[in-house]
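Just follow the structure's listing: the first ligand is 1, and inside any ligand the first atom is 1.
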Amino acid sequence: MFNRRKFIQASAFSTGAMALGQKYLNLPSGTVNKPIVISTWDFGVAANEAAWKVLTKNGSALDAVEQGVSIIEAQGTNQSVGYGGLPDRDGVVTLDACIMDEKGNCGAVLALEKIMHPISVARRVMEKTPHVMLAGDGALQFALSEGFKPMNLLTPSSEKAWKEWLKQAKYQPSINIENKLYEKVAPKKLPGNQYNHDTIGMLALDEKGNLSGACTTSGMAFKLHGRVGDSPIIGAGLYIDNEIGGATSTGVGEEVIRNVGSFLVVELMRQGYTPEQACKEAVMRIIKKKPETAKNIQVGFLAINKNGEYGAFAIQQGFTFAVCDKNKQDLVLKGKSYY
Ligand code: GLY
């Protein structure tokens with residue numbers, strides 16, 4: 001039954017959302033902040049730069065997000081995305097990625113081995129197959145049939161980290177690396193805590209006003225072989241609704257999947273929440289269900305709406321995101337957090 005009270009609440013948020021967005025972005029009424037691209041974490045700056053080149057040439061948001069996150073997949077210097085990602089507990093690097101466009105088309109690869117650019121394989125799944133997801137060896141065989149070249153994704157430094165971890169072999173997902181409290185919460189003497197992951201999730205709004213998103217990661221360090229996180233799961237690690245907005249997540253994927261996090265954020269924006277309010281509410285669901293677990297893990301959401309207004313919220317301090325629009329190309333902002 002139609003709930004009038006809830007409708008009024010949502011309308012109140014809607015008005016607030018507009019006021020907040022306009023103040024924050026200095027948008028004159030009725031204008032849209034486009035093109036724009038936003039990405040999780042500090043390394044999003046480099047990814048945004050590549051995406052921005054596409055967007056400013058009137059390219060599509062879809063091309064922008066694919067090319068943007070590809071930069072991070074190929075870096076080899078970060079240990080949480082693509083080449084150079086930390087392996088699973090058997091020493092195998094397995095990658096998860098998904099992509100979604102303005103028409104609701106999507107593709108994903110799960111636990112893909114040996115391929116540097118899982119995001120591009122995910123796009124081929126979307127465009128060249130009737131399916132949404134390919135996993136494991138099937139994903140690899142598909143990638144090879146599409147001309148992707150196999151390679152060793154395990155860099156010497158990630159192999160060294162894995163061998164170090166094997167000494168205690170304690171699996172203990174922890175707070176994000178960027179967290180200033182990291183040393184306090186996750187002291188180096190606990191090998192399981194020295195490593196964790198931070199996915200790159202990217203959301204773009206192009207000149208035509210279309211939204212797309214991409215999400216890619218090597219997942220949790222030293223995970224069980226075959227473990228898949230939220231990043232390649234449409235609705236969990238990424239969701240786009242071209243009428244409303246898009247959302248992506250980072251952090252402990254299991255908790256994001258349990259709450260279908262990114263879909264929830266977009267649906268909350270549909271009800272009138274600002275991007276930040278929607279991200280906060282999704283975080284609060286996780287905390288409410290598992291307060292004890294939430295104390296020691298990180299989950300962060302990042303969202304954008306159709307006006308190009310954006311926001312983020314995380315369980316723990318330290319969640320950063322990168323913004324690139326006409327006003328500023330290398331902006332890094334701190335998401336608000338519960339703790
Ligand atoms: N958020 C990435 C993962 O849990 O694998």
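Any N or O atom pair closer than 3.5 Å counts here, and Gly253 shares at least one such pair with ligand 1.
Using a 4.0 Å cutoff on heavy atoms, Glu254 does not count as a contact of ligand 1.
Near Gly251, the atoms of ligand 1 lying under 4.0 angstrom from a non-hydrogen atom of the residue are 1 (N), 2 (C), 3 (C), 4 (O). Short contacts between ligand 1 and Thr199, defined as distances under 4.0 Å to a heavy atom of the residue, involve ligand atoms 1 (N), 2 (C). Listed by number with element, the atoms of ligand 1 under 4.0 Å from a non-hydrogen atom of Gly229 are 5 (O). Taking every heavy atom of Asp230 and a limit of under 4.0 angstrom, the matching atoms of ligand 1 come to 1 (N), 2 (C), 3 (C), 4 (O). Less than 4.0 angstrom separates some heavy atom of Ser231 from each of these atoms of ligand 1: 1 (N), 2 (C).
Considering only heavy atoms from C-beta on, Ile115 stays 4.5 Å or farther from Leu153 through its side chain.
Phe222 and Trp165 have parallel rings, their planes meeting at less than 30° on a 0 to 90° scale where 60° marks the start of perpendicular.
Only the side chain of Arg227 comes within 4.0 Å of ligand 1, judged by heavy-atom distances.
Sparse packing is recorded around OH of Tyr338, with 12 or fewer heavy atoms of other residues, nucleotides or ligands lying under 6.0 Å away. The number of heavy atoms from other shown groups lying within 6.0 Å of NZ (Lys336) does not exceed 12.
Residues satisfying the ring pair (Phe, Tyr, Trp, His ring centres under 6.0 Å) criterion with Phe263, sequence neighbours excluded, are Tyr239. With sequence neighbours left out, the side-chain hydrogen bond (donor to acceptor under 3.5 Å, both in side chains) criterion links Arg270 to Asp241, Glu267.
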